[in-house]
*Asks:* 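Got a structure for you, questions after.
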2 protein chains.
Amino acid sequence: MEKDRVDPLLLRLGGYVAMGAEESEALSRAVRRSPAIQPYEEILGDGSRDVCVLQSGLACQFKLLGNGRRQITGLLVPGDILDFGFLTGTGPQGHFMTLCRSDVGRIPIQSFTALCEQHPRIMQAVLRASAVHAAIGQERVLSLGLRTALERVAHLLCEMYHRLDAVGLVSGRTTYDFRITQAEMGEALGLSTVHINRTLQALRRSGYITMRNGKVTIENMDGLCAEGNFDPAYLANITIGSQARPN
Amino acid sequence: MEKDRVDPLLLRLGGYVAMGAEESEALSRAVRRSPAIQPYEEILGDGSRDVCVLQSGLACQFKLLGNGRRQITGLLVPGDILDFGFLTGTGPQGHFMTLCRSDVGRIPIQSFTALCEQHPRIMQAVLRASAVHAAIGQERVLSLGLRTALERVAHLLCEMYHRLDAVGLVSGRTTYDFRITQAEMGEALGLSTVHINRTLQALRRSGYITMRNGKVTIENMDGLCAEGNFDPAYLANITIGSQARPN
DNA sequence: CGCGGGGTTGATTGGATTCAATAGGCGTGG
DNA sequence: CCACGCCTATTGAATCCAATCAACCCCGCG
């Protein structure tokens with residue numbers, strides 16, 4: 001099973017806008033692969049404006065707040081563009097680092113610009129990805145602002161399932177790799193490590209999930225979604241006009 | 001003092017990119033003014049893709065979560081573009097409504113597109129505004145995720161000061177209009193009304209602020225900033241390349 | 001004058017944190 | 001090969017910040 005998986009970026013963008021072989025190839029060619037990055041290594045430290053894409057592994061975006069407090073402001077899965085600042089000509093927000101061994105691809109900003117000019121669909125797909133990224137951010141605010149611990153964790157596990165599924169990283173129906181420590185989960189969800197631990201236990205006891213070796217299996221999808229108020233709609237790309245809306 | 005203030009949108013965008021008289025006028029001309037909107041009226045309910053700008057008053061963006069819970073995901077001050085979805089061709093995230101009597105201007109999306117093509121600086125400024133909008137969102141995550149109640153409120157009051165100052169809505173050094181109820185503040189900061197009340201009292205007792213008639217005065221800016229871990233840098237527009245960065 | 005919304009206060013409750021200690025897994029080095 | 005150390009997960013106890021519940025005050029308004 002050492003097969004070279006399809007580029008997750010292609011899967012991601014292809015999920016937004018159907019792309020022809022020519023476009024896929026052009027996109028693939030533009031990506032510069034770098035050597036694998038070790039866990040807990042900072043990405044994007046350099047001032048380059050390249051478009052960075054997580055190719056494999058898991059990464060996060062975070063911000064520091066004096067006295068050692070840290071907030072993880074976003075989790076990044078393969079196929080994710082780390083930061084969309086290049087769209088507005090601004091630098092990345094906060095810091096980025098890997099949470100496990102990962103690969104990061106880069107598209108030099110000039111290549112990217114040329115690519116988008118030649119292939120409007122690619123541009124369109126990137127814009128959709130950016131919109132979904134923003135929607136994920138909104139959901140994070142909802143979680144931190146008014147969801148209980150149980151809801152936050154349940155919601156996160158559902159979200160990860162859908163995001164990983166979109167890039168073909170879910171195996172056997174509902175199992176996916178999620179190499180994150182409980183402490184990191186806490187930093188992402190605004191909860192203490194201890195409470196994350198107890199909350200995960202509750203979800204396991206209820207039969208919603210099982211966890212083994214950094215792999216999460218959702219045993220009761222409906223139950224977990226209900227527990228976390230999860231509605232996958234925000235992960236889809238909704239365009240006004242292209243899809244007639246009920247109202 | 002009934003003078004027609006300078007269009008806050010011009011002040012906002014002009015703060016990002018210096019614009020000539022021609023550009024300012026073109027921008028002004030593009031904005032369609034609507035009749036004043038009453039408090040607690042929903043904006044953007046229609047499916048239009050117009051670029052909406054708050055011209056006066058105060059508004060918020062919010063999302064609902066079953067069982068009546070509501071999270072205010074953003075506060076909007078004059079000069080703010082309500083939603084940047086038009087940049088990605090997607091619809092607005094969540095709902096928008098006024099918090100007090102307000103005016104909303106609209107730029108039909110076609111006019112906007114034409115405007116940006118003819119005046120690249122306007123496009124550039126809008127992109128900067130979009131980036132700052134995103135940065136404000138990140139700070140919100142920080143607040144909800146790891147700031148204490150006191151820090152959240154202090155931070156918010158500092159943020160509003162800077163945002164309103166940017167559009168000329170601060171009077172007498174540090175006084176600004178902030179017609180928001182404590183309940184709404186709580187919904188924005190993920191705190192209960194009662195706790196907001198007590199936190200505001202603490203800030204007043206410490207001599208950081210005074211409040212009267214919906215007007216906030218910051219009496220001790222340094223103290224309030226320190227209390228809220230507030231650093232105004234994220235409200236500035238930082239562009240890679242245009243400004244040399246220390247590192 | 002009664003009503004309603006917003007602000008204030010006190011008492012109580014509770015979800016989550018913090019502190020503290022133990023257990024398990026894994027890599028390194030003796 | 002085992003010992004040691006480190007990191008992560010787990011558990012229990014105590015504490016605390018903020019929520020909830022419940023009045024009450026104040027004021028503008030019909």
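All values below come from the heavy atoms of this structure, side chains included, with hydrogens, waters and symmetry mates left out. Letters A, B, ... are given to chains in the order of the sequence lines, protein chains preceding strands, and every chain is numbered from 1.
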*Asks:* Starting at CZ of B:R69 and ending at P of D:dA19, how long is that distance when rounded to a whole Å?
*Replies:*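 So the CZ-P distance, B:R69 to D:dA19, works out to 13 Å.
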*Asks:* Where do A:L76 and A:L58 come nearest, in terms of heavy atoms and distance?
*Replies:*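 A:L76 and A:L58 have their closest heavy atoms at O-CD1, 3.4 Å.
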*Asks:* Starting at atom CD1 of A:I196, determine the distance to atom P of D:dA9, rounded to an integer number of angstrom.
*Replies:*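 Going from A:I196 (CD1) to D:dA9 (P), I get 11 Å.
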*Asks:* Contact list please: residues 138-156 of chain A against DNA chain C, heavy atoms, distance less than 4.0 Å, in numerical order.
*Replies:*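 The stretch gives A:T148, A:A149 as the residues lying under 4.0 Å from the strand, ordered by number.
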*Asks:* What nucleotide, of C:dG7, C:dG10, D:dG12, holds the atom closest to the side chain of A:V194?
*Replies:*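 My answer, after comparing the listed nucleotides, is D:dG12.
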*Asks:* Whether the A:E227 and A:Y208 side chains hold a donor-acceptor pair (N or O, under 3.5 Å, no angle test) is what I'd like checked.
*Replies:*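 Yes.
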*Asks:* May I ask you to check whether A:H95 and A:Q61 show a side-chain donor-acceptor distance below 3.5 Å?
*Replies:*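 Their side chains do not contain a donor-acceptor pair, so the 3.5 Å distance test is not met.
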*Asks:* Out of D:dT20, D:dT8, C:dG6, which nucleotide sits closest to the side chain of A:T181?
*Replies:*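 It is D:dT8.
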*Asks:* Is there a donor in the side chain of A:E219 and an acceptor in the side chain of A:T210, or the other way round, less than 3.5 Å apart?
*Replies:*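 On atom types as modelled, these side chains qualify, holding a pair under 3.5 Å.
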*Asks:* Taking atom P of C:dG15 as reference, at what distance in whole Å does atom CZ of A:R198 sit?
*Replies:*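 Nearest whole value for this atom pair: 13 Å.
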*Asks:* When rounded to the nearest 0.5 angstrom, what is the spacing between OG in A:S143 and CG in A:L156?
*Replies:*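 Rounded to the nearest 0.5 Å, the OG-CG separation comes to 8.0 Å.
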*Asks:* At under 4.0 Å between heavy atoms, what does A:S192 touch on the DNA or RNA strands: base, sugar-phosphate, or nothing?
*Replies:*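 Result for A:S192 = base.
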*Asks:* How long is the span from the OH atom in B:Y176 to the CG atom in B:L169, to the nearest 0.5 Å?
*Replies:*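 One gets 12.0 Å once the value is rounded to the nearest 0.5 Å.
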*Asks:* If you compare every side-chain N and O of B:Q182 against the phosphate oxygens of C:dT8 (OP1, OP2), does one of them come in below 4.0 Å?
*Replies:*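 Yes, within the criterion.
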*Asks:* For C:dT8, take OP1 and OP2 only and decide whether either is under 4.0 Å from a side-chain N or O of B:Q201.
*Replies:*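 Looking at the OP1 and OP2 atoms of C:dT8, neither is under 4.0 Å from any side-chain N or O of B:Q201.
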*Asks:* Map A:L191 and B:A183 onto DNA chain C by nearest heavy atom, then report which one ends up closer to the 5' terminus.
*Replies:*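 The residue closer to the strand's 5' end, by nearest nucleotide, is B:A183.
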*Asks:* Whole angstroms only, please: what is the CD-P distance between A:E187 and D:dT8?
*Replies:*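 It works out to 11 Å between those atoms.
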*Asks:* Looking at B:N197, I'd like to know whether one of its side-chain N or O atoms comes within less than 4.0 Å of OP1 or OP2 on C:dG7.
*Replies:*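 Checking C:dG7 against B:N197, no side-chain N or O comes under 4.0 Å of OP1 or OP2.
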*Asks:* Under 4.0 Å, heavy atoms only, any strand: does B:R204 hit a base, just the sugar-phosphate, or nothing?
*Replies:*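 Answer is sugar-phosphate: B:R204 comes under 4.0 Å of backbone atoms only.
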*Asks:* Within the 4.0 Å heavy-atom criterion, would you say A:G186 contacts the bases, only the backbone, or no part of the nucleic acid?
*Replies:*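 No contact.
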*Asks:* Tell me the interatomic distance from A:N213, atom CG, to C:dG24, atom C1', rounded to whole angstroms.
*Replies:*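 After rounding, the gap between these two atoms is 13 Å.
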*Asks:* Considering every strand and a 4.0 Å limit on heavy-atom distances, what is the contact class for A:G214: base, sugar-phosphate, or nothing?
*Replies:*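 No contact at all - A:G214 keeps every heavy atom at 4.0 Å or more from the nucleic acid.
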*Asks:* Could you check whether any side-chain N or O of A:T98 sits under 3.5 Å from a backbone N or O of A:Y40, counting only pairs where one atom can act as donor and the other as acceptor?
*Replies:*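 Checked: pair present.
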*Asks:* Does the side chain of B:Q93 come under 3.5 Å of the side chain of A:Y234 through a donor N or O and an acceptor N or O?
*Replies:*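 A:Y234 and B:Q93 do not have a side-chain donor-acceptor pair below 3.5 Å.
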*Asks:* C:dG7 P sits how many Å from B:R212 CZ, rounded?
*Replies:*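 For the pair B:R212 CZ and C:dG7 P, the rounded distance is 15 Å.
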*Asks:* For A:Y40 and D:dC7, what is the distance between atoms OH and C1' respectively, to the nearest whole Å?
*Replies:*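 Roughly 9 Å, once rounded to whole Å.
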*Asks:* Please give, in whole Å, the distance from C:dT9 P to B:L200 CG?
*Replies:*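 These atoms are roughly 12 Å apart.
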